Protein chains: 2
Amino acid sequence: MKIGVLGTGMVGETIASKLIALKHSVIMGSRTVDNPKAVAWVKKNGENAAQGTFTDAAAFAEIIFNCTSGVGSIDALKQAGEKNLNAKICVDISNPLDFSKGMPPSLTICNTDSLGEQIQRTFPETKVIKTLNTVNCKVMVDPALVPGVHDMLLCGNDDDAKKKVTEILQKWFGWKSVIDIGDITGARVTEMYVPLWVRMFGVLGTPNFNFHYIKG
Amino acid sequence: MKIGVLGTGMVGETIASKLIALKHSVIMGSRTVDNPKAVAWVKKNGENAAQGTFTDAAAFAEIIFNCTSGVGSIDALKQAGEKNLNAKICVDISNPLDFSKGMPPSLTICNTDSLGEQIQRTFPETKVIKTLNTVNCKVMVDPALVPGVHDMLLCGNDDDAKKKVTEILQKWFGWKSVIDIGDITGARVTEMYVPLWVRMFGVLGTPNFNFHYIKG
């Protein structure tokens, strides 16, 4: 499949490398065509890997992964271009974290709105699916780093797109438990969960952890 | 032990009834001395149960459970009286939920502050321990309603108070896993978790559920 990964940070690199390992063709997109991190990533990842602008990556892609930092996501997607995003699935992994005042980060949007909803409103023809933003990037693509069954939440407005992304999570990345929490307003609750993730990272002493819901 | 339970709603009633069942002496406190819910609760719970004002409950108590609704908690505790709270443990179960615009509720405080922190700042001599606010009240006092091991988080500034409340959670209420997430700023992350709880309640179709953290 042809996939655009927006963002050259740890999340973008991890997702893009996993997709290459799965034999997909990936363009890693960034603000500039010669981003050094993207160049280095392409060198390591062979002939199915390429770099480009956000526009290049989105125009090429059948599915887009938004791995940009939350504060820059809307701008990055605008650079990608609405027509290159329309009718496509955008897997939104970003979190609206503000690290400007140090640790722990605060959220730039929360409570009655979310970044996932903002992206959906800004690009109404795109099928925004919020998921993966509740775990470390290594766990995103290798959930077996955490033993047993644990849960990945997913939300979005388009049922077919959710079904497709659920398959990606299960078959490509190996998630055993994917829970559909409804429409894109669910982004609010998973983004507001992230401060708890940060706290638990400090408590547990490893980024390789996740939650599992148990019901009576 | 002599315990003051502030609040006559479902949470207050459930906590107070459990404490009576454990043979403690409880005053259920509310704004007025003749609150009908408190009167009915006393009738059902025998000689160790009494009702009173917030002041009566706090003055009587060795430990206080704040089970008031979040929007009214600071006022309720002010009515209880600072001198009646000083040097005592206040187990803060409240959540700053705003139901005025319907479901789902939003938070009246979040992100860079929390109700737990506000209570601690308002009553600096009180040992505020935030816990139990991440599960339904029935699960609070009967965690076995959810099978297996699942987690209760706890935070606060006073280590001895946290140790005491951890014992209460384990020995009185039956919690197998109690995780100390640090100082009272942890209230921020557990209160911001509550919107996810509300969402999962809709998804799972029962209030009897909880999360368990698994690490690699």
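Values in this document were obtained by computation on a predicted structure and should not be read as measured data.
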>> For B/S94 and B/T68, which I'm curious about, is there any donor-acceptor pair between the side chains at under 3.5 Å?
In response: no
>> Between B/Y213, B/W197, B/Y193, who has the most heavy-atom pairs with chain A when the cutoff is under 4.5 Å?
In response: B/Y213
>> As an exercise: rank B/P207, B/P195, B/G205, B/G182 by heavy-atom pairs under 4.5 Å with chain A and give me the winner.
In response: B/P195
> Do you know which of A/M200, A/R188, A/K101 has the most heavy-atom pairs under 4.5 Å to chain B?
Replying inline: A/M200
Which atoms of [X] approach chain A - backbone, side chain, both or neither, heavy atom under 4.5 Å:
| X | answer |
| --- | --- |
| B/V135 | neither |
| B/L107 | both |
| B/T112 | side chain |

> Can you name the residues that form a salt bridge (charged side-chain N to carboxylate O under 4.0 Å, His left out) with A/K23, not counting sequence neighbours?
Replying inline: none
>> Looking at every heavy atom in both B/H150 and B/P143, which two are closest together, and how far apart are they?
In response: NE2-O, 2.9 Å
>> Strictly by ring-ring contact (aromatic ring centres under 6.0 Å, His included), give each pair with a member in residues 101-133 of chain B just once, sequence neighbours left out.
In response: none
> Is the closest basic N to carboxylate O distance between B/D183 and A/R199 below 4.0 Å?
Replying inline: yes
>> Does this structure show an ion pair linking B/K164 with B/E62, if we count only N-O contacts that are shorter than 4.0 Å?
In response: no
> Which bit of A/L145 comes within less than 4.5 Å of chain B, counting heavy atoms only: side chain, backbone, both or neither?
Replying inline: backbone
>> Which atoms of A/D151 are under 4.5 Å from chain B, going by heavy atoms: the side chain, the backbone, both sets, or neither?
In response: neither
